[in-house]
*Asks:* 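Here it is: the structure, laid out below.
Each chain gets a letter, A, B and so on, in the order its sequence line appears, and its residues count up from 1.
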Number of protein chains: 2
Amino acid sequence: MNKKQLVVKLSGALNLSKADAERTFDTITNTILDALKGDDSVKIAGFGTYKVAKRKARVGRNPRTGEQIQIAASQKVKFLPAKALKEVFNK
Amino acid sequence: MNKKQLVVKLSGALNLSKADAERTFDTITNTILDALKGDDSVKIAGFGTYKVAKRKARVGRNPRTGEQIQIAASQKVKFLPAKALKEVFNK
DNA sequence: TTTCTATATGCAAATACTGCATATCCAATT
DNA sequence: AATTGGATATGCAGTATTTGCATATAGAAA
């Protein structure tokens, strides 16, 4: 399912126009992103937690040539599913 | 930031009551979950992709006693941040 | 208040990560 | 509705990182 299909579903479920449904959805993702940018984690009970994980610099390898390369430290967004979410998929 | 705080922000940004904002948010998470339950992945351009990852059975260990235990195969929800998301945090 | 979640522990196995080419797929513009 | 530019999936090798187990406690959320 891509974003367009999701928006169509939301439009029906929320009784909004597609344009409004999309704006609503974008507002939510932007709000979450803003919090993450401020180095805050976003905890959604029953769904999961978004947090920014810091990754240290390390030595990697180009699998094509085999040569070693230096990989810089970086940050990425991590999503940790809530307990309730795991249970849904494991029974 | 927890769910309550997020709902307050959404309520302001979307000009909805808190109750409506929460209902809207829940509708979205439920829609995503339903797709995942149907073994479909949810791809949100500019944000990321939710997908169900299957994890193989393996041998684990009880850290308290040290004894080996068999861990069953399981499934969990994975979130893969979109390229745009990584860039936000790495410059 | 009562339920949920993070944390901490040791350790084996699974998985992520890197560059890059190709194939596929999506979003937006025409 | 069709085209196109951009984003993502895949495969590869080897190492770094993560995962997940049991369980109690502390802290936060409903």
*Asks:* From CZ of B:F47 over to P of D:dA7, roughly how many Å is that when rounded to an integer?
*Replies:* 17 Å
*Asks:* Between atom NZ in A:K51 and atom C1' in C:dT5, what is the gap in whole Å?
*Replies:* 11 Å
*Asks:* Can you tell me if B:K78 touches the phosphate of C:dA16, counting only side-chain N or O atoms and a distance under 4.0 Å to OP1 or OP2?
*Replies:* yes
*Asks:* Tell me the interatomic distance from B:K54, atom NZ, to C:dA16, atom P, rounded to whole angstroms.
*Replies:* 14 Å
*Asks:* Whole Å only: how far is the CD1 atom of A:I71 from the C1' atom of D:dT15?
*Replies:* 9 Å
*Asks:* If you count every heavy atom of other residues, nucleotides or ligands that lies below 6.0 Å from B:K76 atom NZ, does the total exceed 12?
*Replies:* yes
*Asks:* Grab the CG-P distance between A:L80 and D:dA28 for me, whole Å please.
*Replies:* 18 Å
*Asks:* If hydrophobic clusters are built by linking Ile, Leu, Val, Met, Phe, Trp and Tyr wherever their side-chain heavy atoms come under 4.5 Å apart, do A:L14 and B:I44 end up in the same one?
*Replies:* yes
*Asks:* Nearest to the B:K76 side chain among C:dA6, D:dG20, C:dC26, which nucleotide is it?
*Replies:* D:dG20
*Asks:* With a 4.0 Å cut-off on N to O distance, would you call A:D20 and A:R23 a salt bridge?
*Replies:* yes
*Asks:* Atom CG in B:L16, atom CG in B:L10: separation rounded to 0.5 Å?
*Replies:* 8.5 Å
*Asks:* Assuming nearest nucleotide by heavy-atom distance, tell me which of B:K43 and A:Q68 is located more 5' along DNA chain D.
*Replies:* B:K43
*Asks:* Are any of the side-chain nitrogens in B:K3 or B:E22 under 4.0 Å away from the carboxylate oxygens of its partner?
*Replies:* yes
*Asks:* Are the side chain of A:N62 and the backbone N or O of A:E67 linked by a donor-acceptor pair below 3.5 Å?
*Replies:* no
*Asks:* Please walk me through it: do A:F47 and B:F25 pass ring-ring contact (aromatic ring centres under 6.0 Å, His included)?
*Replies:* CA-CA 11 Å; A:F47 187 65; B:F25 184 76; 7.4 Å; no
*Asks:* D:dG6 P sits how many Å from B:L85 CG, rounded?
*Replies:* 20 Å
*Asks:* Take the protein atom NZ of B:K56 and the nucleotide atom C1' of D:dT18, then report the distance between them rounded to whole Å.
*Replies:* 16 Å
*Asks:* Both A:A72 and A:K4 contact DNA chain C. Taking the nearest nucleotide for each, which residue is further toward the 5' end?
*Replies:* A:A72
*Asks:* Give a yes/no answer on whether the side chain of A:N2 brings an N or O atom under 4.0 Å of OP1 or OP2 in C:dA27.
*Replies:* yes
*Asks:* What orientation do A:Y50 and A:F79 show, parallel under 30°, tilted 30 to 60°, or perpendicular over 60°?
*Replies:* tilted
*Asks:* Heavy atom of residues 58-66 of chain B under 4.0 Å from DNA chain C: which residues?
*Replies:* B:R58, B:R61, B:P63
*Asks:* Base, sugar-phosphate, or nothing for B:A82, non-hydrogen atoms under 4.0 angstrom?
*Replies:* sugar-phosphate
*Asks:* Answer yes or no: does a side-chain N or O of B:K83 lie under 4.0 Å from OP1 or OP2 of D:dA7?
*Replies:* yes
*Asks:* Whole angstroms only, please: what is the CD-C1' distance between A:E22 and C:dC26?
*Replies:* 13 Å
*Asks:* Give one of base, sugar-phosphate or nothing for B:G46, where a contact means two heavy atoms less than 4.0 Å apart.
*Replies:* nothing
*Asks:* Please determine whether a side-chain nitrogen or oxygen atom of B:T49 lies at a distance below 4.0 Å from atom OP1 or OP2 of D:dT8.
*Replies:* no
*Asks:* So which one's nearest nucleotide on DNA chain C is more toward 5', A:I44 or A:I69?
*Replies:* A:I44
